[in-house]
Amino acid sequence: MERKDYPLILQIKDIQQILGFSKSTTYEIIKEVGFPLIQINKRKIVYRDEFFLWLDSKRIIDVEITA
């Protein structure tokens, strides 16, 4: 599934599916500082585009340094 195929507003189950993590691990991740979580009462949601920006920022970039 491509990014654009996900709904504009993701639920925790969507994030869990995208990341391939367990429910408990997903809940730990959404507690991270900087995670784009929106909480309305007890409901937790994330804008799709904000989530993928956050996810892209987690990539480790392997840079070769030449002197």
Side-chain angles (χ1 to χ4, degrees):
M1 185 179 261
E2 293 185 36
R3 292 178 179 197
K4 65 178 178 57
D5 296 329
Y6 287 98
L8 290 175
I9 296 176
L10 302 175
Q11 297 178 35
I12 300 304
K13 66 178 182 168
D14 299 317
I15 295 168
Q16 181 181 351
Q17 179 189 26
I18 293 166
L19 296 176
F21 294 143
S22 68
K23 189 174 184 177
S24 61
T25 300
T26 303
Y27 274 95
E28 288 299 316
I29 289 170
I30 68 169
K31 292 178 187 176
E32 284 187 17
V33 173
F35 189 86
L37 182 70
I38 299 169
Q39 185 164 345
I40 302 172
N41 295 326
K42 292 184 179 185
R43 186 159 174 126
K44 294 172 173 53
I45 59 172
V46 180
Y47 288 122
R48 176 191 64 200
D49 297 338
E50 293 294 319
F51 169 74
F52 283 112
L53 284 172
W54 173 86
L55 187 60
D56 288 342
S57 76
K58 296 298 181 184
R59 288 186 183 176
I60 297 175
I61 300 172
D62 186 15
V63 179
E64 182 177 324
I65 301 174
T66 57

Report yes if some heavy atom in the side chain of Y6 is under 4.5 Å from a heavy atom in the side chain of F51; otherwise report no. no
By the side-chain hydrogen bond (donor to acceptor under 3.5 Å, both in side chains) test, which pairs, at least two apart or in different chains, include something from residues 44-56? R3-D56
When rounded to the nearest 0.5 angstrom, what distance separates CD1 in I9 from CD1 in I45? 4.5 Å
Here the gap from I12 atom CD1 to I15 atom CD1, rounded to the nearest 0.5 Å, amounts to 4.5 Å
Quick test of your reading: applying salt bridge (charged side-chain N to carboxylate O under 4.0 Å, His left out), list the pairs with at least one residue in residues 9-26, sequence neighbours left out, ordered by first then second residue. none
Let me check something: do L8 and L55 share a hydrophobic cluster, defined by ILVMFWY side-chain heavy atoms less than 4.5 Å apart, either directly or through other members? no
Identify all side-chain donor-acceptor contacts of residues 26-43 below 3.5 Å with residues at least two apart in sequence or on another chain.
unit_1 : atom_1 : unit_2 : atom_2 : d
T26    : OG1    : S22    : O      : 2.8
Q39    : NE2    : N41    : O      : 3.1

Got a sec, which residues hit side-chain hydrogen bond (donor to acceptor under 3.5 Å, both in side chains) with D5, two or more places apart in sequence or on another chain? none
